[in-house]
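Here the structure comes first, spelled out in structure tokens, and everything after it is commentary.
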Amino acid sequence: MYLLNFMTNDHQLYELSPDSKNKDVFISSVVAHVVALHISNTVDTFPLTAYMQALNDHKDTYILTCPSDELALVTNVIIANDSGTRKYQCKSGNIYFIGNCGRPDQIGECNKCKNEIGGLNHILNEGNSSIDEDRINQSISIKDKKGYIIEDTFDTYHTVRNLHPASYRILHLFLHIIIGVQAHLPTVIAFMNNQDCNIAQYCKKHIENVWQVLKDIFNCEDETLTLVIHVILLDMSQEPHRNIEKFTLPAQKKTWEEDFSQRYVLPKIKNLIRTTNNFRVALDRNAENLLENNKIMKVTDQLSYKVDRQKAYQFTFQHFIENESECDNTGKTKEFLNAAFNNFANSWNCLIPPIKQYQYISFGSCQTLKFIEKLDTKTSKQDPKYHLQSIYLKNAKEQQIINYDDISEIFLYCQHDLRLGRGQEIYYDLYKIEAELAIELVYEKKLIESNDDQMYSNSFVYHKKLFSRSMTILKEVKNFVHQEPIPVNNRTGLQLKHIVALYELVEEHVADIVVNCVSSKYRAELNESLKQEITNAIDFEQNSLKNSTKIPAEVFITSLKRFIVRYLSNNSEIIQESVPLSLYFVDNDLPGCWPNHLSKDIINDKFPTTLQISHIYNTYQYVKENKYLTDQKNQETTSNQIEQYNNSNKKQKKEVQSKRFRRL
């Protein structure tokens with residue numbers, strides 16, 4: 001029913017009209033594909049399929065792409081470095097933190113509402129309020145919410161749970177398409193848990209925001225983005241991931257989102273051009289097969305003539321006219337077809353001579369290109385041609401390069417534009433089209449000249465060469481210049497002694513995304529014996545090295561991430577996957593991925609010896625996931641202990657008060 005209503009243009013989510021933009025048509029094709037995929041599969045194929053067919057059953061589960069308890073996550077990260085932090089609210093309700101003693105001692109500006117925040121002499125500015133009664137000294141338990149969470153649209157780089165931004169956006173797009181096409185149902189209103197929300201418009205807002213953000217991420221146009229998403233949906237239909245249960249734990253949702261990203265999205269966005277070209281080739285091949293099977297060639301819009309491909313090569317217009325005129329004794333059919341062919345022949349003969357191979361325009365034939373005509377009979381015996389000045393790319397200015405984003409409106413006049421026509425006869429203003437194109441594509445433009453290597457710019461010598469040339473480069477820097485950590489409270493006065501710490505700080509910010517792009521040959525599955533060996537070697541309970549006889553999980557995760565980012569993302573052809581991981585992490589510490597404060601005795605004693613380089617990605621994921629589950633369990637235990645302690649104190653106070661009352 002959903003697909004039928006949508007395909008018959010009878011749906012409030014996207015209703016196409018002659019005035020609809022190309023973007024709306026492309027988005028509509030994606031909507032139709034998403035709906036078709038998820039109504040044609042069984043409910044256990046994907047969580048999205050379950051949302052499509054039984055949305056209300058998932059009201060009390062953790063929903064894909066919905067945000068985690070971000071405030072708790074951010075708070076825990078901040079207090080890990082500053083235990084004196086307290087939370088405050090500005091006039092508009094936006095939350096901010098004050099470190100050190102936790103009391104205001106300077107005035108700032110809210111990033112969102114621009115109102116003043118903070119205060120002086122431990123006194124808050126008017127309109128600001130304190131959230132915490134005292135400094136935050138311990139981690140806050142993370143409490144993700146079940147059900148769908150109403151949220152606003154976000155900028156390009158927003159994501160959740162370390163998902164690649166593109167993966168998050170695509171999954172977010174699918175979710176809101178599925179909710180949007182069911183917007184009129186009472187079960188959806190109950191699922192959204194918001195009676196005042198116009199669900200169709202809300203979902204459309206998210207869909208269009210995601211669409212624009214994906215175009216910005218990929219730096220592509222609507223058509224390319226459409227093809228990429230269709231490829232992902234096609235992969236989902238060909239390789240479904242069955243046996244999906246409801247997400248009753250946040251970790252289940254996180255695991256499935258990461259698997260979706262690795263399985264369907266990241267392989268396709270790694271090379272957009274190759275992905276879209278391969279898909280176009282497949283579409284063309286299918287179209288040819290369809291024509292071959294039907295053996296029908298459309299000759300005109302009014303008449304069709306059945307002929308196989310071999311005969312079509314020898315079949316002339318004269319043959320066609322004679323065959324069509326056989327049964328007409330009046331001769332009017334032949335007269336009409338001859339006149340139509342003569343008009344076509346005259347138009348063709350007038351148009352073709354000025355245009356040479358590859359649509360080369362002969363000199364003097366185009367009045368709108370008069371400004372680039374150049375006659376130079378002294379230096380050339382050939383016919384004069386149009387002349388464009390050449391320039392090297394490094395010397396080019398912005399206005400000398402064609403900017404495709406600026407000419408989208410010109411193609412309103414293109415006969416392939418989906419906004420025009422709709423079966424009606426169109427008359428094109430060819431002179432206006434020609435003039436507009438000449439101004440936008442030729443006027444003040446320069447011909448980019450290539451160098452001796454047929455390249456437009458010199459290759460960047462140091463691209464991805466930092467660690468491929470020398471695996472010990474960071475160690476060499478440390479030996480040459482004594483290195484220190486970056487001061488927590490002063491990051492403006494950086495010196496050479498902070499260069500390694502600065503690199504590792506930047507590396508940490510990109511590592512979570514780069515790790516997910518590692519080659520498939522480093523993603524070998526872990527068997528139970530390997531998992532047991534890892535578990536025996538790693539300390540999931542402690543983050544510090546005090547009294548630890550195992551490798552702390554955080555240290556192990558950091559070292560694996562560094563190795564993947566520095567060496568496997570650049571040297572996938574050099575480092576063999578069958579080599580033991582201990583060769584780089586135990587036998588010799590050439591990569592320098594271990595933190596300096598970790599004891600080598602612990603590494604030698606505990607590092608899993610049977611792990612190979614091929615296991616590194618799944619080892620990283622296994623340790624990371626177990627660390628997360630352990631932290632969650634510890635936080636719940638701590639919260640319970642605090643609650644019991646508070647209850648005990650309350651009980652004791654009541655008993656004391658009761659005794660005093662009896663004495664009185």
Side-chain angles (χ1 to χ4, degrees), residues 37-38 41-73 76 140-151 159-176 178-179 191-193 232 235-236 239-266 512-513 515-516 523 525-528 531 534-535 538 540 553 557 617-637 639:
L37 171 64
H38 293 100
N41 280 288
T42 57
V43 74
D44 65 339
T45 307
F46 298 102
L48 296 167
T49 310
Y51 298 163
M52 185 83 246
Q53 300 181 27
L55 184 62
N56 202 43
D57 292 345
H58 294 262
K59 181 180 178 181
D60 296 322
T61 64
Y62 295 97
I63 305 300
L64 293 173
T65 74
C66 282
S68 299
D69 187 357
E70 294 181 350
L71 178 59
L73 290 170
N76 290 339
I140 300 174
S141 60
I142 299 172
K143 298 178 180 178
D144 289 353
K145 293 182 180 179
K146 290 184 178 181
Y148 182 84
I149 301 173
I150 298 287
E151 55 183 334
T159 186
V160 293
R161 293 174 288 282
N162 293 327
L163 268 180
H164 189 286
S167 301
Y168 162 70
R169 295 291 178 175
I170 290 172
L171 202 51
H172 195 73
L173 174 72
F174 293 169
L175 174 68
H176 286 86
I178 288 171
I179 296 174
F191 175 80
M192 298 290 284
N193 198 23
I232 292 171
D235 269 13
M236 292 174 66
E239 299 179 10
H241 193 188
R242 298 189 181 278
N243 299 321
I244 302 299
E245 299 178 355
K246 295 178 181 178
F247 298 136
T248 56
L249 295 173
Q252 294 173 327
K253 175 177 68 172
K254 180 182 179 183
T255 300
W256 193 91
E257 288 172 338
E258 291 178 350
D259 183 74
F260 173 85
S261 177
Q262 294 293 336
R263 186 186 296 263
Y264 300 116
V265 180
L266 295 182
D512 289 327
I513 294 176
V515 162
N516 291 326
R523 297 170 180 262
E525 296 293 333
L526 300 175
N527 57 36
E528 290 303 320
K531 290 180 180 179
I534 295 170
T535 303
I538 305 302
F540 294 101
I557 291 170
Y617 177 78
N618 282 313
T619 300
Y620 163 76
Q621 293 290 357
Y622 177 75
V623 176
K624 183 179 174 183
E625 183 176 342
N626 277 273
K627 175 61 178 170
Y628 173 80
L629 295 174
T630 302
D631 289 346
Q632 287 287 94
K633 183 179 178 181
N634 290 340
Q635 288 174 4
E636 291 174 1
T637 303
S639 298

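In what follows, every heavy atom counts, from backbone to side chain, and hydrogens, waters and symmetry copies are set aside.
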What heavy-atom pair brings [X] and [Y] nearest, and what distance separates the two atoms?
{"X": "K146", "Y": "D60", "result": "CD-O, 3.1 Å"}
{"X": "T45", "Y": "T49", "result": "CB-OG1, 4.0 Å"}
{"X": "Y62", "Y": "K145", "result": "CD2-O, 3.5 Å"}
{"X": "I179", "Y": "F191", "result": "CD1-CE2, 4.0 Å"}
{"X": "I557", "Y": "V623", "result": "CG1-CG1, 3.7 Å"}
{"X": "R523", "Y": "N618", "result": "O-ND2, 2.9 Å"}

Next item on the list: Could you verify whether a donor N or O on one side chain and an acceptor N or O on the other, from T248 and Q252, lie under 3.5 Å apart?
Entry: yes
Checklist line | Y264-S167 side chain donor-acceptor pair, cut-off 3.5 Å | finding: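 Note: Y264 and S167 side chains miss the donor-acceptor criterion.
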Item checked: All ring-ring contact (aromatic ring centres under 6.0 Å, His included) counterparts of Y51, not counting sequence neighbours -> H58
Next item on the list: Could I get the full list of ring-ring contact (aromatic ring centres under 6.0 Å, His included) partners for Y148, not counting sequence neighbours?
Entry: H176
Item checked: K254 to Y628 six-membered ring, cation-pi geometry met (6.0 Å, 45°) ->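 K254 over Y628 ring: yes.
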Going from [atom1] on [X] to [atom2] on [Y], what distance comes out if it is rounded to the nearest 0.5 angstrom?
{"X": "M236", "Y": "F174", "atom1": "CE", "atom2": "CZ", "answer": "5.5 Å"}
{"X": "N626", "Y": "D631", "atom1": "CG", "atom2": "CG", "answer": "11.0 Å"}
{"X": "L526", "Y": "Y622", "atom1": "CG", "atom2": "OH", "answer": "8.5 Å"}
{"X": "L266", "Y": "N516", "atom1": "CG", "atom2": "CG", "answer": "6.5 Å"}
{"X": "H164", "Y": "L171", "atom1": "NE2", "atom2": "CG", "answer": "14.0 Å"}
{"X": "Q621", "Y": "E625", "atom1": "CD", "atom2": "CD", "answer": "8.0 Å"}

Note to self: Using modelled atom types and a 3.5 Å cut-off, is there a donor and acceptor pairing between side-chain atoms of Q53 and backbone atoms of H38?
What the structure shows: yes
Item checked: Exam field: side chain D259 to backbone T255, donor-acceptor pair closer than 3.5 Å ->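 Looks like no, no N/O pair under 3.5 Å.
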Check: So which of T65, T159, L163 actually passes side chain to side chain contact (heavy atoms under 4.5 Å, CB included) with H172?
Finding: T65
Check: Given side chains that start at C-beta, do those of K531 and E528 come closer than 4.5 Å, heavy atoms only?
Finding: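 Yes; the side chains approach each other to less than 4.5 Å.
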Notebook entry, point to check: Taking the six-membered ring for Trp, are Y617 and Y620 parallel (under 30°), tilted (30 to 60°) or perpendicular (over 60°)?
Noted result: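 Correct class here is tilted.
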Item checked: Partner set under side chain to side chain donor-acceptor pair (under 3.5 Å) for T637, not counting sequence neighbours ->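 Checked T637 against side chain to side chain donor-acceptor pair (under 3.5 Å); zero matches.
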